[in-house]
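Just so it is clear: chains get the letters A, B, ... in the order the sequence lines come, proteins before strands, and each one is counted from 1. Because the structure is a prediction, the values reported are computed rather than measured.
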Amino acid sequence: MQQQYPFKEIEQQAQQYWEANQTFAAKEDSKKPKYYCLSMFPYPSGRLHMGHVRNYTIGDVLSRFHKMKGFNVMQPMGWDAFGLPAENAAIANKTAPAKWTYENIEHMKTQLKQLGLGVDWNREIATCRPEYYKWEQWLFTELFKKGLIYKKTATVNWDPVDGTVLANEQVIDGRGWRSGALVEKRDIPQYFMKITAYAEELLNDLDKLDGWPEQVKTMQRNWIGKSYGCEVEFPIVGQNGNLKVYTTRPDTLMGATYVAVAAEHALATLAAKDNPKLAEFIAECKRGSVAEADVATAEKKGMATGFFVTHPLNGEQLPVWVANYVLASYGEGAVMAVPAHDERDFEFAKKYNLPIKAVIAPKSWNSQKVTTSYHTSGSNLNEREFPSIAHDGEQSGILNWFDWLDIFSEHGTCINSGKFDGLNFEQSSDAISSALNSKNLGKKRTQFRLRDWGVSRQRYWGCPIPIIHCTKCGEVPVPAEALPVRIPEDVTMDGVGSPIKKDPSFYETTCPTCNGNATRETDTLDTFFESSWYFARYASFDCDTKMVDERAYYWLPVDQYVGGIEHAILHLLYARFFNKLMRDVGLIKNDEPFTNLLTQGMVLKDGSKMSKSKGNTVDPQALIDTYGADTARLFMMFAAPPDQSLEWADSGVEGASRFLKRLWKAAYEHVSLGKVKAYALSNSGRGELTAELKNLRLQLHLTIEKVGDDYGRRHSFNTAISSVMELMNALAKIEATDEVTRSVRQEVLQNVALLLSPIVPHICQALWENLCPASHILCASWPASDKTAMVQDTVEYVVQVNGKLRGNLTVSREASKEVIETLTLAQDFVTKFLVDGTSVRKIIVVPNKLVNVVIG
RNA sequence: GCCGGGAUGGCGGAAUUGGUAGACGCACGGGACUCAAAAUCCCGCGUUGGCGACAACGUGGGGGUUCGAUUCCCCCUCCCGGCACCA
């Protein structure tokens, strides 16, 4: 054994050993419980970043731990290889996106191998390979035939100067990132997947996902957004037909004072026909990005259309406005505005002097005497008198208008609503919807916020959409035997549009149905398409006859999925959707793809996400070169719990490296004294252990329990490491070299190697070779704790007086509550507080923990 | 704007079910070793007062529940992630 910790040598040897022995090659084996551990595959951006190191180390720790626990583990790896950055790099470097991508994959694969991941590289996939995307093209055609994919127009960001569609990311402050031109919204026909047909199941099945973080399930629930409301129709004055809106607050219908439609709404278009000012306003609304965050934070603007609608219940005529805060894509693209009970409507009404009419009061308010209708043009808006108002027992005569509003976006009791007065939310919703129903002007309806998934992209570096357009036969899916539709890889990118859109050899074809001249679809699929089913392909990575074969029955669902919290909604929802689609075409049997989910936090530097644009990246390669993979892995796992963001610190790496050096040194000094068998009770006939060694063994076996629990249940790798550090600190204090001490030291070191091997596998394998030359660490299983070593004779209690720590009390393990109370009251640090006629009011004893004496 | 998270010493974090706040590590200070430095080892290290024993304060801010709150409830501030074409 070398005296210095030779990390380079150790890591190379271990990695060669794993490769030569195919240590991590996964095989179906019904005798063992399977454990499919999947980390989100990387986009091959060029070099590994710290987020990758963190993600893949977490996955590797869990994989290796479960392997030791006797599971049949599969940990695969692949490449999410289509995407926008390849096109940008290709334009910048004048190379083909494919070449750039394949070179990046080669480089990053080398880097990943240096991390020492227990990955089955035989199963490697890259989504840009025809063997892979052939199958999603096949699924696309199947779903198209089933009617689960359809075409409709959708809005995109259009750069009028570059003549290209821009991603939301490429729109900066409403302008194209390259051209600087004002971006326009443009409607083009695109393919959509009917994810809304699965909305109910996607929502309900969240309840089955006990192994998912609650926050992720909540985000998905809110995203799917099932709401119970009412559709209301407002007859349009002087026109045939009604303006339909959807509302979750039918109880406020009597307070509606105007109706607002999106700029894209048909009524807006109609009104703009002979109203140039309105047409200009609509055009203005259509400038800027389509991203919801931009729309929602924009200043609220609107313009009257000149149309009026009739209130379905009270017959009042309400103006129709075009408003930029109404989303065309949600509900009906039109809303009834109730300024008194909706903050956005209120802000809008104030700005444009629209009436505000309060119709809901908190439950305990005296409704009859409340004056409720005001116009914002009044000069004394901010101080209104509301006579006889009692709010939850509190008397108040004057209310600020803004307080009034604050109170009233919640549910309450109807006021100023005629026959609905006095009804609560549920009652008035029922009564108002049935009133609408009887007039045939509305009904109850559930609504999802979730929209169908637009999968068309006007880009080159993606999977071609397998549709042929024939003037006679229409849209014809490419027959299975003609798949894949290959994306040509040898292209030049000029920055203006997609090369395949200008390449007749790609798009000119014949119709599979009538054999006449036809053209191929030149849009490609959203790259989320590829990442929505790769987890299933790993099980059947080499199957060339089916998308997935019966091996998927064995491996699926994924037992543990690990990836960034930023994927909490989109990727994870699409993958769940695809799992159900594949189930429904008979490929797999499970309902949900990922049984357990661990969402890792970001790696930050100076408080913000490491990114090239911010220039605050730390290259993991330098870290591995200087300190080795084990140090990199140890630091990553030690610096923060996996689900929290991790602040990068160079000095912390130094500390991790120091610990491994100390560990190596401790083993070296021990081994250089010669062989010794690990202490165990069965061969303990060497007399009583000293108290010191007994305590060390107690700590060892408590640590074994804690670390197993931290890995398996808590995923708390940082505390697992710190408890092993404490154990090593305790071991370092023992200097004796007699046979018994050495046997206990051997026991500790052997177990430390096992406990740490999921995190720092290379050094642990080398330590084991030296500690136990006859065996191999990969054959060793997870250690069991020795219960007899953990029996303690005494218990230490914390003693509080009035909740403040005042001392400690050591009692025998069997001491009764009464004995503990008596002993506590005999302590000086308790009695000194018993002065001036005070007495003991109460004694609280928390078994094995704490005594609190309440004195008063 | 909406949805979801987060905030604890100089720093990263610990406290697992309401029960010792600050484990473990970093940084820093002192000491040992050394001609010296690095490395290594030992000691100290929330704030304030005190020679000390000890005492008071202390988990983003304000309120509440409790014998006891970093933990539960209400309100607020700031930061992070997502918002459907970045992946």
Side-chain angles (χ1 to χ4, degrees), chain A residues 40 42-43 45 80 82-85 154 156-157 165-171 213-216 218-223 225 290-298 300 325 329 343-344 449-459 526-528 531 564-571 573-574 599 601-602 604 607-609 635 638-641 643-656 658-659 661-662 665 706 709-710 713-714 716 718-719 721-726 729 732 796-800 802-805 807-808 841-844 846 849-856:
Chain A
M40 290 181 186
Y43 177 78
S45 55
D80 187 15
F82 279 135
L84 198 51
V156 295
N157 303 305
V165 174
L166 298 178
N168 285 337
E169 172 186 69
Q170 299 172 310
V171 181
E214 213 49 57
Q215 57 155 316
V216 174
T218 304
M219 281 191 265
Q220 292 217 351
R221 270 186 207 105
N222 293 341
W223 184 262
V290 298
E292 191 182 323
D294 295 330
V295 176
T297 50
K300 284 172 192 45
Y325 70 92
S329 49
E343 294 201 28
R344 286 172 313 169
R449 204 187 77 96
L450 182 69
R451 312 195 290 258
D452 277 341
W453 173 16
V455 294
S456 294
R457 296 291 180 272
Q458 296 69 45
R459 301 190 208 298
D526 179 1
T527 55
F528 273 125
S531 55
I565 183 67
E566 66 272 21
H567 295 293
I569 296 174
L570 292 179
H571 163 62
L573 190 65
Y574 293 148
T599 48
M602 309 258 165
L604 310 177
S608 62
K609 186 181 176 177
F635 170 69
F638 182 58
D643 56 347
Q644 272 180 39
S645 58
L646 182 155
E647 180 71 30
W648 180 262
D650 292 319
S651 53
V653 176
E654 200 64 58
R658 228 158 17 217
F659 172 71
K661 282 182 195 159
R662 271 203 302 271
K665 193 178 154 216
K706 174 165 174 59
D709 188 46
D710 279 354
R713 179 180 64 90
R714 297 215 302 153
S716 176
N718 54 329
T719 55
I721 294 164
S722 78
S723 65
V724 176
M725 285 175 168
E726 287 178 76
N729 290 345
E796 185 149 302
Y797 276 80
V798 161
V799 180
Q800 295 181 336
N802 288 340
K804 277 195 179 161
L805 175 69
N808 293 299
R841 294 247 177 111
K842 202 188 210 180
I843 301 182
I844 292 148
V846 181
K849 264 194 185 144
L850 166 145
V851 185
N852 186 15
V853 185
V854 184
I855 291 173

Would you measure the distance from the [atom1] atom in [N] across to the matching atom in [M] and give it in whole Å?
| N | M | atom1 | answer |
| --- | --- | --- | --- |
| B:rA15 | B:rU20 | P | 12 Å |
| B:rG44 | B:rC26 | C1' | 16 Å |
| B:rG30 | B:rA21 | P | 32 Å |
| B:rG9 | B:rU47 | C1' | 9 Å |
| B:rG46 | B:rG52 | P | 14 Å |
| B:rC11 | B:rC75 | P | 30 Å |
| B:rC78 | B:rA87 | C1' | 28 Å |
| B:rU17 | B:rA84 | C1' | 40 Å |

Please tell me if the side chains of [X] and [Y] come closer than 4.5 Å, counting only heavy atoms from C-beta onward.
| X | Y | value |
| --- | --- | --- |
| A:R449 | A:N222 | no |
| A:E726 | A:K706 | no |
| A:V851 | A:I843 | yes |

When you measure from the side chain of [X], which nucleotide among [options] comes out closest?
| X | options | answer |
| --- | --- | --- |
| A:Q800 | B:rU20, B:rU16, B:rA84 | B:rU20 |
| A:S722 | B:rG13, B:rA87, B:rA23 | B:rA23 |
| A:K849 | B:rA87, B:rC86, B:rG19 | B:rG19 |
| A:N852 | B:rG19, B:rG25, B:rG81 | B:rG19 |

Whole-Å gap separating P (B:rA39) and CZ (A:R658): 8 Å
Below 3.5 Å, does any donor atom in the side chain of [X] face an acceptor in the base of [N], or the other way round?
| X | N | value |
| --- | --- | --- |
| A:R662 | B:rU40 | no |
| A:N222 | B:rC3 | no |
| A:K804 | B:rU20 | no |

G-U wobble or Watson-Crick pairing nucleotide for [N] (cut-off 3.5 Å, both distances):
| N | value |
| --- | --- |
| B:rC78 | B:rG6 |
| B:rU40 | B:rA32 |
| B:rA55 | B:rU48 |
| B:rG1 | B:rC83 |
| B:rA15 | none |
| B:rU66 | none |

Plane angle bin for A:F528 and A:H571 - parallel if under 30°, tilted between 30 and 60°, otherwise perpendicular: parallel
Touch class at under 4.0 angstrom, heavy-atom based, for A:Y43 against every strand present: sugar-phosphate
Side chain A:D643, main chain A:T599, donor-acceptor under 3.5 Å: no
N/O donor-acceptor pair under 3.5 Å between A:Q644 side chain and A:P641 backbone: no
